[in-house]
Amino acid sequence: MTNQDCIFCKIISGEIPAKLIAESEHAIAFNDIDPKQAIHVLVVPREHHGNIAELAFANPPALVDLIQLGSKVASDVSTGSFRFTFNTGSEAGQTVFHAHGHILSKTPKA
Ligand code: 5GP
Ligand code: ZN
């Protein structure tokens, strides 16, 4: 399930490079190209779904896997204090219409 015009599908296929941080059965984690905080990692399901709500209904195990991957990455790279956010819809700031979570933290692990 991919979308040929989708930038995150291209990162997942390797067509566009990204700094991979971690991966799991259903998701990958890579650094945001335009970080908004000291730590800014994107957690992205391998399957193309337009937003996190669509992923939740279409493939619940993939949603759980994504949240577990993001939580592991956050505890590896931050002190454990972080935000895990899902912009959903353009008016909420979503710009890439392939489901993804943002891990944001001001406190990298020393
Ligand atoms: P949204 O605004 O949809 O919630 O988040 C999309 C995020 O994807 C933004 O924070 C943006 O900086 C990031 N982004 C957009 N294009 C690329 C890219 O080609 N590579 C990487 N690593 N991040 C990207
Ligand atoms: Zn996609």
Side-chain angles (χ1 to χ4, degrees):
M1 222 193 272
T2 57
N3 179 326
Q4 61 185 13
D5 298 324
C6 171
I7 198 155
F8 286 175
C9 284
K10 289 181 180 170
I11 288 175
I12 289 157
S13 72
E15 191 181 331
I16 292 177
K19 173 78 179 86
L20 195 69
I21 303 289
E23 57 185 325
S24 61
E25 182 183 355
H26 294 287
I28 68 169
F30 53 88
N31 279 334
D32 197 291
I33 203 169
D34 179 20
K36 315 297 186 295
Q37 293 204 337
I39 292 167
H40 189 169
V41 177
L42 299 174
V43 191
V44 179
R46 295 182 190 275
E47 276 186 11
H48 181 94
H49 297 279
N51 60 49
I52 203 71
E54 289 178 15
L55 175 67
F57 287 103
N59 192 340
L63 175 68
V64 172
D65 180 78
L66 180 147
I67 295 200
Q68 290 179 344
L69 180 66
S71 303
K72 279 186 212 151
V73 167
S75 68
D76 285 348
V77 300
S78 78
T79 56
S81 186
F82 61 92
R83 288 189 294 137
F84 200 167
T85 64
F86 302 92
N87 297 332
T88 306
S90 51
E91 286 169 25
Q94 188 178 2
T95 58
V96 175
F97 292 88
H98 178 132
H100 57 280
H102 297 254
I103 299 283
L104 291 151
S105 177
K106 294 183 204 167
T107 54
K109 205 175 244 180

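Both counts, for ligands and for their atoms, begin at 1 and track the order of listing.
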- Message: Using the rule side chain to side chain contact (heavy atoms under 4.5 Å, CB included), only one of L69, I11, I12, L66 pairs with V44; which is it?
- Response: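 It is I12, the one option of L69, I11, I12, L66 that forms the side chain to side chain contact (heavy atoms under 4.5 Å, CB included) with V44.
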- If you measure from each non-hydrogen atom of K19 to ligand 1, which part falls under 4.0 Å: side chain, backbone, both or neither?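 The answer is neither.
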- Task: Look at the aromatic rings of F8 and H100 and report parallel, tilted or perpendicular, splitting at 30° and 60°.
- Result: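 Rings of F8 and H100: perpendicular, over 60°.
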If you measure from each heavy atom of [X] to ligand 1, is any distance below 4.0 Å?
X: A18; answer: no
X: F8; answer: yes
X: V96; answer: yes
X: T85; answer: no

Nearest atoms (heavy-atom pairs only) where [X] meets [Y]:
X: Q37; Y: L104; result: OE1-C, 3.6 Å
X: T79; Y: P108; result: CG2-O, 4.0 Å
X: D32; Y: D34; result: OD1-N, 2.8 Å
X: S105; Y: F82; result: CB-CB, 3.9 Å

- Output yes when the distance from some N or O of ligand 1 to some N or O of Q94 is under 3.5 Å, and no in every other case.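 No; every N/O pair is 3.5 Å or more apart.
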- So is G93 polar-close to ligand 1, meaning N/O to N/O under 3.5 Å?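 The answer is yes, given that G93 and ligand 1 share an N or O pair closer than 3.5 Å.
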- Task: Please work out the angle at the Zn ion (ligand 2) defined by atom ND1 of H98 on one side and atom ND1 of H48 on the other, rounded to 10°.
- Result: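 Result: 110°, to 10°.
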- Just go through N87, T95, I33, D34 and tell me whose heavy atom is the nearest to atom 24 (C) of ligand 1.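 Shortest heavy-atom distance from atom 24 (C) of ligand 1: I33.
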Which heavy atom of the protein is the closest neighbour of [atom], given with residue, atom name and distance?
atom: atom 22 (N) of ligand 1; result: N31 O, 3.0 Å
atom: atom 9 (C) of ligand 1; result: D32 OD2, 3.3 Å
atom: atom 19 (O) of ligand 1; result: I7 CD1, 3.5 Å
atom: atom 1 (P) of ligand 1; result: H100 NE2, 3.2 Å

- Which of the numbered atoms in ligand 1 are below 4.0 angstrom from a heavy atom of L42?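 Taking each heavy atom of L42 in turn, ligand 1 has 8 (O), 13 (C), 23 (N) under 4.0 Å.
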